[in-house]
Enquirer: 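Quick one: structure below, then a few questions.
From a predicted model like this one, the values you see are computed outputs, not experimental measurements.
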Amino acid sequence: MKGGGLLVAGTTSDAGKSVVTAGICRWLVRQGVKVAPFKGQNMSLNSFVTHEGAEIGRAQAMQAQAARVEPSALMNPVLLKPGSDRSSQVVLMGKPVGELSARGYHGGRQAALLDTVVGCLEELRGSHDAVICEGAGSPAEINLRRTDIVNMGIARAARLPVLVVGDIDRGGVFASFFGTTALLAPEDQDLLAGYLVNKFRGDVSLLEPGLDMLESLTGRPTYGVLPYAHGLGIDEEDGLRVSLRGTVRESVVAPPVGADVLRVAVCAVPLMSNFTDVDALAAEPGVVVRFVDRAEELVDADLVVVPGTRGTVKALEWLRARGLADALARRVAEGRPVLGICGGYQMLGERIEDEVESRAGVVDGLGLLPVRVRFAREKTLARPVGRALGEPVAGYEIHHGVAEVLGGDGFVSDDRGRSLDGCRVGSVWGTHWHGCLESDGFRRAFLREVAAAAGRRFVPAPDTSFAALREEQLDRLGDLIAEHADTDRLWRLIEGGAPPGLPFVPPGAP
């Protein structure tokens, strides 16, 4: 028997589709429903590696955790990883299959993937009571509708009811709901069942007359009004959309355990990937994390993180052009802590040989670690475990670069003390392992070393559990749905599909 389903679309990008999908998954699983998330096509530089070695969007991995199921490639069959404004690496069923321009992808390749996407969705629906699908951008992007496989294309192919989420904090939510509906073809409008307001502040009774008018105009109800929730800290999909200057990762409010705080500066390199690596640092009481793009912003930092990137050579050029490369060299000369993760680790090395990503050939690195990197055509996708600083550590690897370590100490080792990954020289560390800071014991040991090198009287909290904090955040999302959505009507929609007889709102698609 095929399970129920729902597509969570949005009036815009960043309307809240990812968190609403996760919230519905957590609400359903708490009701004893076997549920899975799904996104047919994702564009994101934040990705994750499943246990079978498939690369998928981090948002879908987070939603799988919300659903209490193991992430799989079925949940995100197509992942696009931008390499520039005009091209992306295409990851199909968890494996990279090549680079395509936007014109080349939307010009034919995307439509050809619809059967694969529908097949993955149907496989999930065959093994789950419900599958909650996330759309991308807006379903009313009429220039892309012909080749769409993630919004109304998949909804129509799989006969999924559609709920449209709108971010009222941005303003214009009623116009966005109406306009989204009115720009859809009649066959697509037949599946658009209603709306969900996100990020509302204030008295809901003041909003209700507008919701009633919206229903009278479109014939479609609003399924709930979700309040603005501060400090969710859930994995973001498309990167930081606002200017990075002064942006601080949300962290717990608890005061520091020791006398000092630790200030962490993250270099906001171009095409930054998996910046969620620093979330575990931001979860520590007394650790303040900010993203920076100027050399002078490194001066008062106790730790500088050079994060991953989809454009290592481009990021190197950016670091040099902005004076950040010189600032990093001064820090290292002074014995002040620097951590490079994945592409950041590669940049800290002596030399990069790249005929794959940038095709720039041999490029000098920053020379801060005795490491040489050669880009391989095959991408490394792995979920390794090991030990570092005397503590167990786990992570995941997503990289083309192969590192040759010529000196220093290994960063992560196996149980016999043999180096598995990375390099350390003094207070400079480098590793390919994303997510390693989520290992609580290792993170505390690392922060103690950073504090000692920085001369700070910082003490890591002895009981911070990043996994428990993540579970609490996912439960908060489930609570938002349970307390502020019409869950009886929502379940009927998931189980029975879009109600018949939904009116057509003119003019429809051109």
Enquirer: What residue pairs, at least two apart or across chains, pass ring-ring contact (aromatic ring centres under 6.0 Å, His included) with a residue in residues 58-92?
Expert: none

Enquirer: Checking side-chain contact (heavy atoms from CB on, under 4.5 Å) against V363, which of V373, V313, D354 comes through?
Expert: V313

Enquirer: Looking at side-chain heavy atoms only, is the closest gap between L7 and F38 below 4.5 Å?
Expert: no

Enquirer: Tell me yes or no: between the side chains of E55 and S47, is some donor less than 3.5 Å from an acceptor?
Expert: yes

Enquirer: Taking only Lys NZ, Arg NE, NH1 and NH2, and the carboxylate oxygens of Asp or Glu, determine whether D479 and R26 approach each other closer than 4.0 Å.
Expert: no

Enquirer: What are the two closest heavy atoms between P307 and V266, and how far apart are they?
Expert: CG-CG1, 3.9 Å

Enquirer: For D421, give me all partners under side-chain hydrogen bond (donor to acceptor under 3.5 Å, both in side chains), at least two apart in sequence or on another chain.
Expert: T431

Enquirer: Determine whether V173 and T11 make a side-chain contact, defined as any pair of heavy atoms from C-beta on separated by less than 4.5 Å.
Expert: no

Enquirer: Starting at CD of E134, measure out to CG of L6 and round the result to the nearest 0.5 Å.
Expert: 11.5 Å

Enquirer: When rounded to the nearest 0.5 angstrom, what distance separates OG1 in T276 from CD in E438?
Expert: 7.5 Å

Enquirer: For residues D167 and D14, determine if any side-chain heavy atom of one lies less than 4.5 Å from a side-chain heavy atom of the other.
Expert: no

Enquirer: Applying side chain to side chain donor-acceptor pair (under 3.5 Å), run through T181 and Y195 and close with a yes or a no.
Expert: CA-CA 10 Å; T181 308; Y195 314 105; 2.8 Å; yes

Enquirer: Roughly how far apart are M347 CE and I341 CD1, rounded to 0.5 Å?
Expert: 11.0 Å

Enquirer: Taking atom types as modelled, is there a side-chain donor on R170 or T12 under 3.5 Å from an acceptor on the other?
Expert: yes

Enquirer: When you measure from the side chain of Q31 to the backbone of W27, do you find a donor-acceptor pair of N or O atoms at a distance under 3.5 Å?
Expert: yes

Enquirer: Taking the side chain from K95 and the backbone from G53, do they hold a donor-acceptor pair closer than 3.5 Å?
Expert: yes

Enquirer: Would you be so kind as to tabulate the donor-acceptor pairs closer than 3.5 Å made by side chains of residues 65-79, with sequence neighbours excluded?
Expert:
from	atom 1	to	atom 2	distance (Å)
Q65	NE2	E471	OE2	3.2
E70	OE2	H51	NE2	3.4
S72	OG	L74	N	3.2
N76	OD1	G57	N	2.9
N76	ND2	K39	O	3.1
N76	ND2	V78	O	2.9

Enquirer: Is a salt bridge present between R125 and E122, judged by a nitrogen-to-oxygen distance below 4.0 Å?
Expert: yes

Enquirer: Assess the pair F48 and Y396: is the distance between their ring centroids shorter than 6.0 Å?
Expert: yes

Enquirer: Nearest 0.5 Å, please: how far is CG in L477 from OG in S18?
Expert: 10.5 Å

Enquirer: Indicate yes or no: at least one non-hydrogen side-chain atom of I24 is less than 4.5 angstrom from one of V35.
Expert: no

Enquirer: Is any side-chain heavy atom of M152 less than 4.5 Å from a side-chain heavy atom of V162?
Expert: yes

Enquirer: Taking only Lys NZ, Arg NE, NH1 and NH2, and the carboxylate oxygens of Asp or Glu, determine whether E99 and R310 approach each other closer than 4.0 Å.
Expert: yes

Enquirer: Taking C-beta and beyond as the side chain, do V338 and L368 meet within less than 4.5 Å on heavy atoms?
Expert: no

Enquirer: Would you check, one step at a time, whether the test side chain to side chain donor-acceptor pair (under 3.5 Å) holds for H400 with E378?
Expert: CA-CA 6 Å; H400 285 278; E378 291 296 315; over 6 Å; no

Enquirer: Count the heavy atoms belonging to other residues, nucleotides or ligands that lie under 6.0 Å from CD of E123, then report whether that count exceeds 12.
Expert: no

Enquirer: Going from CG on D277 to SG on C436, what distance comes out if it is rounded to the nearest 0.5 angstrom?
Expert: 7.0 Å

Enquirer: Indicate yes or no: at least one non-hydrogen side-chain atom of W491 is less than 4.5 angstrom from one of T487.
Expert: no

Enquirer: Indicate the atoms forming the closest heavy-atom contact of A403 with H432, along with that distance.
Expert: CB-CE1, 3.9 Å

Enquirer: Within the structure provided, determine whether V264 and V288 are in side-chain contact (heavy-atom separation under 4.5 Å).
Expert: no

Enquirer: Do the side chain of R443 and the main chain of L437 share a donor and acceptor less than 3.5 angstrom apart?
Expert: yes

Enquirer: Considering non-hydrogen atoms only, spot the tightest contact between V150 and Q41 and give its length.
Expert: CG2-O, 3.4 Å

Enquirer: Can you tell me how far the CG atom of L191 sits from the CZ atom of R159, to the nearest 0.5 Å?
Expert: 4.5 Å

Enquirer: Counting distance only, does the side-chain N/O of Q189 pair as donor-acceptor with the main-chain N or O of L184 below 3.5 Å?
Expert: yes

Enquirer: Given 3.5 Å as the limit, does a donor-acceptor pair link the side chain of S88 with the main chain of V90, or not?
Expert: no

Enquirer: Could you tell me whether a side-chain N or O of S87 sits under 3.5 Å from a main-chain N or O of G83, the two making a donor and an acceptor?
Expert: no

Enquirer: Which pair of heavy atoms, one from G361 and one from E355, lies closest together, and at what distance?
Expert: CA-OE2, 3.3 Å

Enquirer: Parallel, tilted or perpendicular for F411 and W429, by the 30°/60° rule?
Expert: tilted

Enquirer: Using atom types as modelled and distance alone, determine if a side-chain donor or acceptor of N198 lies under 3.5 Å from a backbone N or O of A15.
Expert: yes

